[in-house]
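Notes to accompany the following structure.
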Amino acid sequence: MTRRNKIILLLILLALECVLLFWCRNRYMTVLSSGTVYESPASVDFKPDFAERNYLSVYIPVTSAVWVGKNAPEKGKEIYLIPGKNVDGMLFIRRASDVKPSGEYLTVMAKDYLYGRVSFDFPASRVYMTSGQMKKLSVLELTERVQVKEGTDKEDKTRTQLKNRITAIIRIYDGHAVIERLLCNGAPVELAYTTVGTNTHITYSNGQTDKDVVTTEGMDMDSVSKPEISGDRASWMDKLL
């Protein structure tokens, strides 16, 4: 291959990569702005270099569903999930099938099939944040685990669970899912420094005259800053993928 042909091939590959990145970014923003909102329990994986990234790795424990397809799903085969909300308002999968539904759905790859249930990886595992939000995170509050008794008697067993309740706000649209933000006991994780059962909201000072204000009761969620599609979000969206 001549040098000229190599340059042409390289330019074609760069053009294809740009098109792919633009498509991924556009799809992400579409799901974020138009998707139906769901909430799910979650846990955060703080990798050693998490502070240098523009996202957190998140695990969503929604990984299996009842299979209603005509034939058992094959590993690696594309399947469709029908999302719903349980009695606690949390996301769960009503059923899975190999037939694309007419309503809201998620597209995933089948991992395993056993006793009428199909397993899969949840199709969203990152929440994107600005560097300012990252600096405010309390790793201890988001990862610390405590032992909780399952009963009141001394002989009752104990189980280990996260100290604070971590949930993810998820948007689902046209087969895709994105994690919009994380909550710690109902408050955005970058603002939540909490103990069990208590929500804490911190209003940070502007570095001039006012001071940090901490409130633990009656927090107005409408007053809490939320991610925007422009401004700060645009800065970290430039780094998407």
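What you are looking at is a predicted structure, and each value in this text was computed from that prediction instead of being measured.
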Do V58 and S125 touch side chain to side chain, with heavy atoms closer than 4.5 Å? no

To check you understand the geometry: which heavy-atom pair defines the closest contact between I179 and A168, and what is its length? CG2-CB, 4.0 Å

Is there a path from I82 to V108 through hydrophobic residues (I, L, V, M, F, W, Y) whose side chains come within less than 4.5 Å of each other? no

Atom CD1 of I93 and atom CZ of R117: how far apart are they, to the nearest 0.5 Å? 10.0 Å

Nearest-0.5 Å distance, CZ of residue R53 to CZ of residue R126: 7.0 Å

Would you please test L142 and L182 for side chain to side chain contact (heavy atoms under 4.5 Å, CB included) and show each step? CA-CA 10 Å; L142 299 181; L182 293 176; over 6 Å; no

Under the 3.5 angstrom rule, does the side chain of D88 hit a backbone N or O of M90 as a donor-acceptor pair? no

Are the side chains of L56 and L137 in contact, using a 4.5 Å heavy-atom criterion? yes

Steps toward side chain to side chain contact (heavy atoms under 4.5 Å, CB included) verdict (Y55, V127): CA-CA 5 Å; Y55 67 86; V127 58; over 6 Å; no

To the closest 0.5 Å, what do you measure between CD1 (I60) and OH (Y38)? 14.0 Å

One should read off an interatomic distance between N86 CG and R94 CZ, to the nearest 0.5 angstrom, of 9.5 Å

Between S33 (side chain only) and T30 (backbone N and O only), is there a donor and an acceptor less than 3.5 Å apart? yes

If hydrophobic clusters are built by linking Ile, Leu, Val, Met, Phe, Trp and Tyr wherever their side-chain heavy atoms come under 4.5 Å apart, do V189 and F46 end up in the same one? yes

Just verifying a value: how many Å separate K135 NZ and E190 CD, rounded to the nearest 0.5 Å? 14.0 Å

Between Y113 and P73 the two heavy atoms that sit nearest each other are CD1-CD, 3.5 Å

What do you reckon, is CZ of R165 surrounded by more than 12 foreign heavy atoms closer than 6.0 Å? no

R171 (side chain) donor-acceptor with L32 (main chain) under 3.5 angstrom: yes

In the single-linkage hydrophobic clustering (I, L, V, M, F, W, Y; side-chain heavy atoms under 4.5 Å), do I166 and M134 co-cluster? yes

Which heavy atom of S40 sits nearest to which heavy atom of P61, and what is that distance? OG-CD, 4.2 Å

When rounded to the nearest 0.5 Å, the distance separating OG1 of T143 from CG of D45 is 10.5 Å

Going only through I, L, V, M, F, W and Y residues with side-chain contacts under 4.5 Å, is there a path from I79 to Y105? no

Are V68 and F120 linked, directly or through intermediate hydrophobic residues, by side-chain heavy-atom contacts shorter than 4.5 Å (ILVMFWY only)? no

Residues, nucleotides or ligands: over 12 heavy atoms within 6.0 Å of K100 NZ: no

Do any N or O atoms from the side chain of S119 and from the backbone of D112 form a donor-acceptor pair under 3.5 angstrom? yes

Minimal non-hydrogen separation, A177 against A124, with atom names: O-CB, 3.6 Å

Output all residues satisfying side-chain contact (heavy atoms from CB on, under 4.5 Å) with D121, sequence neighbours left out; order by chain, then residue number. K111

What do you reckon, is OH of Y173 surrounded by more than 12 foreign heavy atoms closer than 6.0 Å? no

For K77, what residues pass the side-chain contact (heavy atoms from CB on, under 4.5 Å) criterion, not counting sequence neighbours? E74, D98

Start with the C-alpha distance between F122 and L91, add both sets of side-chain angles, then the distance that settles side chain to side chain contact (heavy atoms under 4.5 Å, CB included), and finish with yes or no. CA-CA 12 Å; F122 192 77; L91 169 69; 3.8 Å; yes

